[in-house]
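Here is how names work: the chains are called A, B, and so on, in the same order as the sequence lines, proteins then strands, and each is numbered from 1. The structure presented is a predicted model; accordingly, all values stated were derived computationally and were not measured.
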2 protein chains.
Amino acid sequence: MPAQTWLTALQENGYRLTASRRAVVETVAATHRALTPLEVFDLARESHPELGLVTVYRTLEKLEELHLIQRVHQPHGCQAFISASQGHQHLLLCRKCGQVIFFDGDNLDGLFERVIQDSGYTIQEHWLQLFGLCPACQTTP
Amino acid sequence: MPAQTWLTALQENGYRLTASRRAVVETVAATHRALTPLEVFDLARESHPELGLVTVYRTLEKLEELHLIQRVHQPHGCQAFISASQGHQHLLLCRKCGQVIFFDGDNLDGLFERVIQDSGYTIQEHWLQLFGLCPACQTTP
DNA sequence: ATTTTTATTGAAAATCTTTTTCATTGTAAA
DNA sequence: TTTACAATGAAAAAGATTTTCAATAAAAAT
Ligand SMILES: [Mn+2]
Ligand SMILES: [Mn+2]
Ligand SMILES: [Zn+2]
Ligand SMILES: [Zn+2]
């Protein structure tokens with residue numbers, strides 16, 4: 001997703017366009033793995049050294065609110081964000097390099113039906129996440 | 001899962017049996033929703049007021065290490081624990097009261113096969129979690 | 001262009017959570 | 001019992017996130 005799209009979205013929602021926001025947005029938009037606020041801070045400061053960590057937190061908050069990024073849950077921590085997919089999708093994460101790709105087309109309706117029958121629950125939402133090794137990391141052990 | 005089973009497991013793994021551990025274990029074993037360390041602390045202190053929060057953290061750590069409890073990830077936080085299921089299972093969580101039940105028997109192999117083909121990733125592990133409303137919470141809006 | 005308005009910024013302080021330290025206590029083995 | 005040392009909880013430290021606030025900069029108004 002191009003950084004410019006996010007900047008436009010921010011502007012259309014009444015937020016101002018600043019150099020600091022630009023630096024955060026460009027960093028997250030260009031990275032294909034989940035980044036913690038501190039990682040965003042370090043990366044974004046390479047191009048914009050005056051950036052403050054507080055602004056990273058505040059910008060990520062707005063991007064998440066606009067559904068432009070989403071939080072990634074992992075065994076070792078859940079404070080990381082990645083560019084959001086459009087629509088409902090699921091994550092496949094490389095355990096070695098962190099590379100994330102999205103996939104769709106899960107057909108879980110049969111399973112849901114059985115669980116609903118057995119439990120009496122209604123089901124409103126689901127999380128499905130796969131962990132493995134990306135092609136590059138399979139060849140370099 | 002009975003608290004006594006956990007206490008025995010702790011003892012068999014070289015840990016001592018203390019009143020503080022007992023209080024933590026009994027609290028978590030008796031609760032059917034995920035509890036944060038602070039919630040465990042507050043609940044366990046009702047029966048054992050001398051308990052320290054540090055001991056809650058330390059005991060939860062050991063219970064997790066022995067796979068007697070497992071961490072529960074939710075949109076609003078991921079620092080909560082619940083009695084673990086035996087074997088590989090998935091969670092179904094009530095969004096209103098937090099009640100958790102386990103289910104098994106997902107058949108995701110077809111999906112995995114397709115994702116492996118499309119992405120080139122190998123798949124080692126998966127997380128599947130459902131959110132909805134338990135029977136009790138469906139009737140009390 | 002210039003001025004005005006007000007959202008945004010980053011440093012510092014505050015808050016909240018988790019971990020470490022350490023002298024004391026309690027458990028289990030000898 | 002006595003002994004060895006694991007475990008405890010208070011306090012301090014460390015880490016992460018949020019709040020405060022005066023200065024600044026973006027957008028609107030002139
Ligand atoms: Mn999580
Ligand atoms: Mn499964
Ligand atoms: Zn990889
Ligand atoms: Zn419920």
Side-chain angles (χ1 to χ4, degrees), chain A residues 4 6-28 34-66 68-69 71-81, chain B residues 4 6-28 34-66 68-69 71-81:
Chain A
Q4 187 51 53
W6 296 8
L7 294 169
T8 306
L10 284 169
Q11 209 165 27
E12 281 171 351
N13 284 80
Y15 297 118
R16 293 181 179 178
L17 237 60
T18 68
S20 297
R21 278 181 184 160
R22 229 178 268 273
V24 171
V25 160
E26 276 163 10
T27 298
V28 179
L35 297 175
T36 63
L38 198 60
E39 286 172 328
V40 173
F41 178 65
D42 288 337
L43 285 168
R45 267 158 67 101
E46 290 176 8
S47 69
H48 185 66
E50 319 81 66
L51 178 64
L53 180 56
V54 191
T55 298
V56 174
Y57 276 98
R58 290 191 278 225
T59 304
L60 291 175
E61 191 175 64
K62 286 171 179 59
L63 293 174
E64 189 182 24
E65 169 198 321
L66 298 177
L68 298 171
I69 62 175
R71 186 179 299 265
V72 175
H73 298 258
Q74 290 182 265
H76 301 301
C78 306
Q79 299 294 280
F81 296 88
Chain B
Q4 188 52 52
W6 296 8
L7 294 169
T8 305
L10 283 169
Q11 209 163 28
E12 282 171 352
N13 284 82
Y15 296 117
R16 293 183 178 176
L17 237 59
T18 68
S20 297
R21 279 183 183 158
R22 228 178 270 274
V24 170
V25 160
E26 276 163 9
T27 298
V28 179
L35 296 175
T36 64
L38 199 60
E39 286 172 329
V40 173
F41 179 65
D42 289 336
L43 285 168
R45 266 159 66 102
E46 289 174 9
S47 68
H48 185 67
E50 318 82 65
L51 177 64
L53 180 56
V54 191
T55 298
V56 174
Y57 276 98
R58 290 192 278 226
T59 304
L60 292 176
E61 192 174 61
K62 286 172 181 58
L63 293 175
E64 189 182 23
E65 169 198 321
L66 297 177
L68 298 171
I69 62 174
R71 185 180 299 266
V72 175
H73 297 258
Q74 289 182 265
H76 300 301
C78 305
Q79 298 296 289
F81 296 88

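In this structure, the CZ atom of B:Arg58 is 12 Å from the P atom of C:dT21, given to the nearest Å. In this structure, A:Phe41 atom CZ and C:dT9 atom P are separated by 14 Å, rounded to whole Å. Rounded to an integer number of Å, the gap from CD of A:Glu12 to P of D:dA26 is 20 Å. The nearest whole Å value for the distance from the CD atom in B:Glu39 to the P atom in C:dT17 is 11 Å. Between the P atom of C:dA11 and the CD atom of A:Glu50 lies a distance of 10 Å, rounded to the nearest Å.
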Base contacts versus sugar-phosphate-only contacts with protein, heavy atoms under 4.0 Å: please encode nucleotides 23-30 of chain C as B, S and - from 5' to 3'.
---BBS--

When every nucleotide of nucleotides 11-17 of chain D is labelled 5' to 3' by its protein contacts under 4.0 Å (heavy atoms), B for base, S for sugar-phosphate only, - for none, what sequence of letters results?
B----SS

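In this structure, the side chains of B:Thr59 and B:Lys62 stay at 4.5 Å or more apart for every pair of heavy atoms. The side-chain heavy atoms of A:Thr8 and A:Glu12, taken from C-beta on, include a pair separated by under 4.5 Å. A:Ile69 has its side chain within reach of A:Trp6: a pair of non-hydrogen atoms, C-beta onward, lies under 4.5 Å apart. Inter-residue side-chain proximity for A:Gln11 and A:Arg16 is flagged as unmet; no heavy-atom pair is nearer than 4.5 Å. Residues B:Val28 and B:Leu43 have side chains not in contact (no heavy-atom distance under 4.5 Å, counting atoms from C-beta outward). Looking at heavy atoms from C-beta onward, A:Arg45 lies out of side-chain contact with A:Glu50 at the 4.5 angstrom threshold.
Not a single side-chain hydrogen bond (donor to acceptor under 3.5 Å, both in side chains) links B:Tyr57 to another residue, sequence neighbours left out.
Remark: A:Ser20 is in phosphate contact with C:dG10, judged by side-chain N or O atoms under 4.0 Å from OP1 or OP2.
Using a 4.0 Å heavy-atom cutoff across all strands shown, A:Arg21 reaches sugar-phosphate atoms only and no base atom.
The minimum heavy-atom distance linking B:Ala19 with B:His48 is given by the pair CB-CE1, 3.7 Å.
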